[in-house]
Amino acid sequence: MSSTKERVFVTAATGNIGTGIVRSLVKQGIDTTAYVRDEQKSKDLFKKELTTGHLKLVIGSFSSIDVFTKAIKGHTRLFLLYAVHDSKPWSMSQIKESFGRIAFEQGVRQIVDLSSAFVSSYGKKGIIGYAHTAAEEKLWTLADENPEQRSLVVLRPGAFMTNHFMADVHQIKHKNKIVACAPPSSTSTWIDTKDIADCAAVVLSESVEKHDRNVYELGADKLTNEQRAAVFSKVLGKSIKYEQQSMKDFYQTCTSHSMPHSLVYNFAMIASKDICGNATPEIALIIGRPLRTLEDWLKENAKAFQ
Ligand SMILES: NC(=O)c1ccc[n+]([C@@H]2O[C@H](COP(=O)([O-])OP(=O)(O)OC[C@H]3O[C@@H](n4cnc5c(N)ncnc54)[C@H](OP(=O)(O)O)[C@@H]3O)[C@@H](O)[C@H]2O)c1
C-alpha cells in the first residue's frame with residue numbers, strides 16, 4: 001500500500017464476497033470499515049476480526065445515504081456491491097452513482113465495483129446485463145471527471161458456484177438430478193466467490209495506480225451441464241443426472257414462485273449463451289494461485305448436498 005494511511009470501506013460486507021474481503025484485509029492489518037444492515041449478524045460473523053482493532057462496523061443500508069456520507073469520510077478505498085435485483089432495473093445504477101459520487105467527493109481514491117460478466121457478453125440485453133452495464137457507465141463517467149484523483153476497477157464474474165445453494169440443492173439432494181432449461185451440452189463458466197473476494201482484496205491492498213481502470217473478468221471452470229452433473233456425481237459418490245426442462249415449464253415454475261418476468265426471461269436467455277465467454281486463468285497473476293474449480297468448491301460444501 002502507499003505511504004498515506006489507507007482505510008478501506010466495504011459495502012455488502014455480510015455477503016459471500018464482502019465477508020471474504022473484510023477477513024482478508026483485516027488479516028493484512030489494513031484498517032477496514034464494514035457497512036452492514038444487521039449489527040448482530042456482523043458481530044457474529046466478524047468475532048475474531050473485531051478483536052484486532054482493525055475493523056469498524058457502520059450500521060447502514062443503501063437507503064441511508066446520510067449515514068454513508070458521514071461514514072465514508074477518511075477512507076481511501078471503496079468496495080461497491082449492490083445485490084438487489086428488484087422490479088426497478090435502474091435502481092442499481094442510481095445507487096452506485098450516488099454512493100460512488102459521494103465517495104469520490106469525500107476523498108476516496110479507488111472504487112472497486114462488483115459488476116457481472118453479463119456486461120461483456122450481453123451488454124444491456126437482459127435485465128441483469130442492463131442493471132450492471134448502466135451502473136458501470138455511471139461509474140466510468142464519475143471516474144473520468146477527475147482521472148488523476150479517481151481510480152476505478154471493475155470485477156466481472158461469471159456464474160457463482162454458490163448459485164447451487166438456491167434451486168439445485170433441493171433437486172440434487174432429493175431427486176439426484178440437476179434441472180434447467182439449457183441443453184445438456186450448453187456451457188456455463190463458474191467462479192468461487194472466495195476467488196472474487198481474494199481478487200478484490202488484492203486490488204484494494206496494492207497500489208491504486210497498478211490496477212487503475214482494469215476490468216477483470218473472473219471465470220474458473222467452463223463446464224457443460226453434463227460435465228457439471230458428473231462433478232456432483234464424483235464428489236457426492238452417487239449418480240446425479242442432468243435433465244433438460246422445457247422453456248415453458250421453466251418459465252412457469254419460476255414465475256409461480258413469484259420471480260419477476262424480466263429475471264426469469266434473463267435466466268432463460270442464458271440457456272443459449274454462457275454469460276462468461278471463457279475461463280480466465282490469468283486471474284492467477286493477481287491472486288497468486290490458480291482459480292478454484294467446481295470440484296474444489298463442492299468438496300468443501302458437499303454436506304449441504306447430501
Ligand atoms: N450469482 C451470480 O451468478 C452472479 C454473477 C455475477 C454477478 N453477480 C452479482 O453479485 C452480486 C451478489 O453478490 P453476493 O452473492 O456477494 O451477494 P450476497 O451474498 O447475497 O450478499 C448480499 C449483501 O448485500 C447486503 N444487502 C442486501 N440488500 C441490501 C440493502 N438494501 N442495503 C444494504 N445492504 C444490502 C446483504 O446484507 P444482509 O447480510 O443484511 O442481508 C449482504 O451483505 C449481485 O450484484 C449480482 O448481480 C452475481
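Note that the structure is a prediction, hence the values are computed from the model and not measured. Numbering of ligands and ligand atoms starts at 1, following listing order.
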Distance-only donor-acceptor check, side chains S64 and Y35, under 3.5 Å: yes
Ion pair D168/R228, N-O distance below 4.0 Å: yes
Electrostatic pair R109-E209, nearest N-O below 4.0 angstrom: yes
E300/R292 under salt bridge (charged side-chain N to carboxylate O under 4.0 Å, His left out): CA gap, chis, key distance, verdict: CA-CA 11 Å; E300 268 179 23; R292 287 158 50 83; 3.2 Å; yes
Those protein residues which place at least one heavy atom below 4.0 Å from ligand 1: A12, T14, G15, N16, I17, R37, K41, S61, F62, L81, Y82, A83, V84, H85, L114, S115, S116, H132, P157, G158, A159, F160, N163
Centroid separation F305 to F165 less than 6.0 Å: yes
Option among H54, H75, R7 that satisfies the side-chain hydrogen bond (donor to acceptor under 3.5 Å, both in side chains) test with D31: H54
